[in-house]
Amino acid sequence: MPPGPVLLLGGTGEARELARALEQVGESFESSLAGRVARPRLPVGEVRIGGFGGVDGLAAHLRERGVRAVVDATHPFAAGISSNAAAACAAVDVPLLRLERPGWRGRPDAAGWHWVGDHDEAASVAATLGGRPFLTVGRQSLDRFVGPLSEHASLVRVVDPPDLRLPLSWTVLLSRGPYDVESERELMSAHEVDVVVTKDSGGRHTEAKLDVAAERGVPVVVVSRPSPPVGVRVVDDVEQVILWIRQQDV
Ligand code: NAP
């Protein structure tokens with residue numbers, strides 16, 4: 001087993017929680033962020049920022065640093081880096097574990113939502129359900145909504161300003177969660193939101209909009225998660241990651 005650090009692919013609250021836990025138990029680790037947002041929330045410990053340059057670049061990084069294990073704790077919708085991690089770890093024979101928060105499918109109201117396969121379908125379904133959609137799909141997916149919702153009074157909530165021209169009828173709200181039920185209630189009422197569009201990101205930080213949608217009888221359009229890479233073990237809490245890392249150290 002190479003003596004180097006654990007590589008923690010991050011950009012999520014779970015990854016920051018894992019970094020804190022690894023620091024507490026004295027494991028050496030390096031976190032990696034894509035560098036997508038202007039002011040990222042940084043995890044504790046050593047952090048590198050920016051892409052690796054595809055599978056080959058990631059494999060080279062694993063070799064150069066002597067990485068002894070990789071934990072992919074990236075967002076459930078960051079399918080590109082997860083797939084690259086699976087390929088790179090297989091290529092250089094480094095063990096890989098996926099830490100992924102559970103989605104929202106288990107909620108009692110989830111059966112009544114409009115589940116769709118991708119953002120294009122989300123846009124066309126949302127266009128038929130209301131005139132004042134609340135788009136919480138992230139900045140990178142907004143281009144898919146512009147055409148189908150060009151005449152709608154959409155409310156768009158993003159962390160950083162969108163880098164594309166949006167319809168004049170849209171309102172952009174720059175903000176970063178977590179959000180509580182009270183503030184979501186106020187926002188959705190003030191904008192008279194009549195359909196909520198989201199990805200199945202899961203977690204508590206952005207869940208309150210779903211509680212408020214249920215309360216107000218507002219339809220919800222949810223983009224299903226991409227499938228995780230085949231053959232990669234998935235866990236959903238930090239303790240299981242620590243146990244797994246200890247097993248790799250044996
Ligand atoms: P993606 O489509 O899966 O990845 C695209 C490319 O970005 C990857 O090929 C890689 O570039 C680079 N990259 C992604 N995550 C990286 C990481 N943790 N460290 C170093 N490079 C990384 O990813 P995405 O959907 O754009 O998400 C980017 C990051 O934002 C992820 O780390 C994710 O955890 C976080 N995030 C994403 C979402 C979302 O909805 N997608 C939401 C919240 C947070 P190279 O090929 O050059 O290595």
Side-chain angles (χ1 to χ4, degrees), residues 5-19 22 29-43 45-65 67 69-89 91-92 94 96-101 103-104 116-119 122 135-145 156-160 162-164 174-179 197-207 209 221-229 232 234 236 241:
V6 171
L7 176 64
L8 171 47
L9 299 170
T12 58
E14 297 76 58
R16 291 189 294 276
E17 189 192 336
L18 176 57
L22 290 175
F29 68 98
E30 170 194 42
S31 290
S32 175
L33 304 180
R36 285 283 182 284
V37 294
R39 286 187 306 280
R41 286 187 176 131
L42 293 175
E46 183 188 347
V47 181
R48 65 165 299 286
I49 299 184
F52 295 96
V55 174
D56 292 346
L58 178 51
H61 182 86
L62 299 179
R63 269 193 306 262
E64 278 157 24
R65 295 266 353 231
V67 167
V70 176
V71 180
D72 171 13
T74 57
H75 191 271
F77 279 79
I81 187 69
S82 292
S83 149
N84 287 359
C89 286
V92 297
V94 169
L96 168 67
L97 182 71
R98 169 91 177 123
L99 170 63
E100 185 172 284
R101 66 179 89 137
W104 288 319
V116 295
D118 60 29
H119 289 95
L135 303 182
T136 63
V137 291
R139 183 171 55 107
Q140 292 181 84
S141 315
L142 281 183
D143 58 331
R144 324 276 275 279
F145 292 84
V156 178
R157 184 165 64 194
V158 279
V159 175
D160 285 325
D163 48 10
L164 73 168
L174 297 182
S175 99
R176 171 147 53 185
Y179 306 103
V197 186
T198 184
K199 305 184 278 205
D200 183 20
S201 297
R204 291 293 310 158
H205 280 197
T206 57
E207 195 175 17
K209 65 192 169 201
V221 180
V222 187
V223 182
S224 299
R225 290 181 172 195
S227 312
V232 177
V234 183
D236 65 8
V241 179

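Reckoned from all heavy atoms, side chains included, excluding hydrogens, waters and symmetry mates. Counting starts at 1 for both ligands and their atoms, in listed order.
With respect to the salt-bridge test (charged N to carboxylate O, under 4.0 angstrom), the residues Arg65 and Glu46 qualify.
The backbone N or O of Asp163 lies less than 3.5 Å from no partner atom in the side chain of Arg139, so there is not a single donor-acceptor pair. In this structure, the side chain of Thr198 does not engage the main chain of Leu135 through any donor-acceptor pair within 3.5 Å. A donor-acceptor distance shorter than 3.5 angstrom exists from the side chain of Arg225 to the backbone of Ser201, with no hydrogens or angles considered. Side-chain atoms of Asp200 do not come within 3.5 Å of backbone N or O of Gly103 as any donor-acceptor pair.
When side chains are defined from C-beta on, Leu142 counts as touching Val158, because their heavy atoms get closer than 4.5 Å.
A heavy-atom cutoff of 4.0 Å around ligand 1 is satisfied by the protein residues Gly10, Gly11, Thr12, Ser32, Leu33, Ala34, Arg36, Arg48, Gly50, Gly51, Phe52, Gly53, Gly54, Thr74, His75, Phe77, Ala78, Ala79, Gly80, Ile81, Asn84, Gln140, Lys199.
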